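Everything on this sheet refers to the single structure shown next.
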Amino acid sequence: MLKIYNSLTNQKETFTPIEANKIRMYVCGMTVYDYCHLGHARVMVAFDVVYRYLQSQGYNVTYIRNITDIDDKIIQRANDNGENFKALTERFIDAMHEDERALGIHPPSLEPKATDNIEEILGMISTLMEKGYAYQGASGDVYYAVAKFEDYGKLSGRNLEDLRAGDRIAVNTDKNDPFDFVLWKMAKQGEPYWDSPWGKGRPGWHIECSAMATKILGNHFDIHGGGHDLQFPHHENEIAQSEACTGEHFANYWMHNGFIRIDEEKMSKSLGNFFTIREVLEKYTAEEIRYFMLTSQYRSPLNYSTDQLDAAGASLDRLYTAMRGLTISTAPQNSSYETHYINAMNDDFNTPEALSALFDLARDINIARDKKENEKASELGALLLTLANGIGLLEGDIEAWFKGDDSKGGMSNDEIDSLVQQRLDAKANKDWSLADKIRDELVEAGVSLEDNGAETIWRRE
RNA sequence: GGCUGAGUAGCAAAGAGGUUAUGCUGCGGUUUGCAAAACCGCCUAGCCCGGUUCGAUUCCGGGCUCAGCCUCCA
């Protein structure tokens, strides 16, 4: 039975979809004015795992991840670059998709853009106006009146009183209440705008998610996710908008992933301490990045370090080694390994625990191979592959994992194969010194050998 | 100040009120022409103080420390 930690109640709850076998999930995506960093990668990986696992359990999942393609930062960046904001966002949407593909993320069912849903946004604001939850300030900006929504704070465990006790409230005399937030923002000279009953302007950040989620998934859906920093105020505001507008409960389960940290501090654009996905992909494979993220439960913070990425590579080596040269047959049903894995994943997507089931399999495959129990090894190999694939691991070509990239200079695969054959000949003649000389030469070139009975396999370090 | 989380061996990271987590690293052994890989074994744990219990790292209370949110943010 699947349990999900629900941020709304701060506890793990048994997951029950609204419609049997069907799950509707919305995850807050990126604001596209720059390249995605590792923090974005974590959201993508975390919910990719959720998406894959729910599908593997037989659910028909509609997974929406939106794109925020209009906001202050986008306008500012476009101005700085002297380009149209559309050109800017299209460039970074393409880049995001490249990164996503590179990381082996399954694309969401739909990626709605804010600018494609202005009609729905305006409709929602109108309804909020009619129902008295919104008002227009002297500046022309339209605000949501937080105090009108009784449940405000239910997601983040705060109430307006707590909030008011804080001393970090920006003074804004245009608003009735400092916690009111913008639904529609008037365009300044030269800024992009859309027409509305309140004047030319653009949507606020919060309303776009409410509008797109309810448009595509309906007023009431199963799962809403995003980074932990979005819990307040973004998700709180989404609830206030959506529930005030529709009169229905918004999302049943709220999932928030933990941050990537640098030196125990949040990685973020505002702190300037971030690594982009493409930057890290220059040094590490996508699978190493994914593995690194899966070693910790999605809600936990995760400290970035090259040591950890190196360790991820070493761990993957072990899994790939178990699979290397193995003939795959049919995975056994209902094995203890699978039970272990399923129980782990059912426990709020506990990937570290699920990984341990993979390593149990790897060890037993190795033992079976040592004992020449080939049938057993083939079956366990099939299972390892299936379970690993379920969380996006071991999807690549096994030989390619070890042999790496032939095109990066150094010795070519053919040259290596030729030297390996020469060494085999030397070994056959018991010319150990020549055999060792050839092996030393290969080690020098970053190639290590493994004698495996009559044959020799090799890998790039 | 308010609200959330977290503190586990050299590093990373889970579960479980008593029985080996797991991976990487280190050490010893088996294997190997020698290696590598593999296998077997070993060394390193549970922030502090109380309480509950026959028994707590695991539950409860109180500290301390760290991180996040309260402003844009994944």
Side-chain angles (χ1 to χ4, degrees), chain A residues 5 7 10 27-31 36-47 65 68 71-73 76 153 156-159 161-170 178-179 205 225-234 236 256-261 264-271 274 291-292 294-297 299-303 305 307-308 310-319 321-322 324 340 343-344 347 350-360 362-363 365-367 369-371 427 430-433 435-436 439-440 443 448-453 456-459:
Chain A
Y5 184 92
S7 303
N10 287 335
V27 172
C28 288
M30 271 56 85
T31 301
C36 291
H37 57 62
L38 277 186
H40 299 121
R42 189 163 196 205
V43 187
M44 291 199 270
V45 169
F47 289 98
R65 194 184 60 211
T68 297
D71 91 323
D72 291 1
K73 283 186 178 172
Q76 192 187 327
S156 51
R158 311 157 206 240
N159 55 52
E161 250 169 70
D162 290 341
L163 288 164
R164 292 205 170 90
D167 51 8
R168 303 176 62 182
I169 309 158
F179 292 101
W205 176 39
H228 191 244
D229 51 353
L230 300 187
Q231 187 174 356
F232 188 90
H234 184 57
E236 198 71 71
H256 293 102
N257 66 273
F259 295 127
I260 300 286
R261 296 184 190 168
E264 304 303 337
E265 204 180 36
K266 177 181 175 180
M267 170 187 289
S268 75
K269 285 184 184 171
S270 39
L271 289 171
F274 65 92
Y291 183 93
F292 163 62
L294 297 182
T295 57
S296 125
Q297 210 270 350
R299 283 185 285 120
S300 306
L302 181 56
N303 205 48
S305 80
D307 283 355
Q308 290 314 312
D310 289 337
S315 301
L316 284 166
D317 269 345
R318 181 167 168 78
L319 296 178
T321 298
R324 194 174 192 186
H340 184 187
N343 286 344
D347 183 17
N350 189 339
T351 51
E353 186 69 35
L355 286 174
S356 78
L358 264 39
F359 286 102
D360 287 344
R363 188 190 57 244
I365 289 168
N366 290 332
I367 291 172
R369 300 175 94 171
D370 283 353
K371 290 184 181 167
K427 277 180 53 164
K430 297 209 186 311
D431 185 350
W432 307 126
S433 68
D436 290 351
R439 184 169 62 196
D440 288 346
V443 167
S448 65
L449 304 185
E450 288 172 35
D451 290 336
N452 194 353
T456 294
I457 53 177
W458 60 267
R459 48 180 290 192

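On a predicted model such as this, the values are computed, not experimentally measured, just so you know.
The interatomic distance linking A:Asn452 (CG) with B:rC39 (P) rounds to 14 Å, in whole Å. Between A:Leu302 atom CG and B:rG68 atom P there is a gap of 14 Å when expressed in whole angstrom units. Atom OH in A:Tyr291 sits about 15 Å away from atom P in B:rA12, given to the nearest Å.
In terms of phosphate contacts, A:Ser156 brings no side-chain nitrogen or oxygen within less than 4.0 Å of OP1 or OP2 of B:rU4. Between A:Ser300 and B:rA14 there is a side-chain N or O to OP1 or OP2 distance below 4.0 Å. An OP1 or OP2 oxygen of B:rG5 is reached within less than 4.0 angstrom by a side-chain nitrogen or oxygen of A:Tyr5. Considering only side-chain N and O atoms, A:Lys371 lies nowhere under 4.0 angstrom from the phosphate OP1 or OP2 of B:rC39. Contact check, A:Arg318 against B:rA38: a side-chain N or O comes under 4.0 Å of OP1 or OP2. OP1 or OP2 of B:rC39 sits under 4.0 Å from a side-chain N or O of A:Asn366. The phosphate of B:rC3 has neither OP1 nor OP2 within less than 4.0 Å of any side-chain N or O from A:Asn159.
Note on A:Arg439: a base of the nucleic acid sits closer than 4.0 angstrom, heavy atoms only. Within 4.0 Å (heavy atoms only), A:Lys427 reaches at least one base atom of the nucleic acid.
The A:Ser315 side chain lies nearest to B:rG23 when the options are B:rC72, B:rA74, B:rG23. For A:Ala314, the listed nucleotide lying nearest its side chain is B:rC24; candidates were B:rC24, B:rG15, B:rA12.
A cation-pi arrangement, defined by a distance under 6.0 Å to the six-membered ring centre and an angle within 45 degrees of its axis, is absent between A:Arg65 and A:Phe47.
B:rU52 and B:rG61 have their P atoms separated by 15 Å, given to the nearest Å.
Under the Watson-Crick or G-U wobble criterion, with both distances below 3.5 Å, B:rC54 is paired with B:rG18.
Where A:Asp347 and A:Ser356 each meet RNA chain B at their nearest nucleotide, the meeting point lying more 5' is that of A:Asp347.
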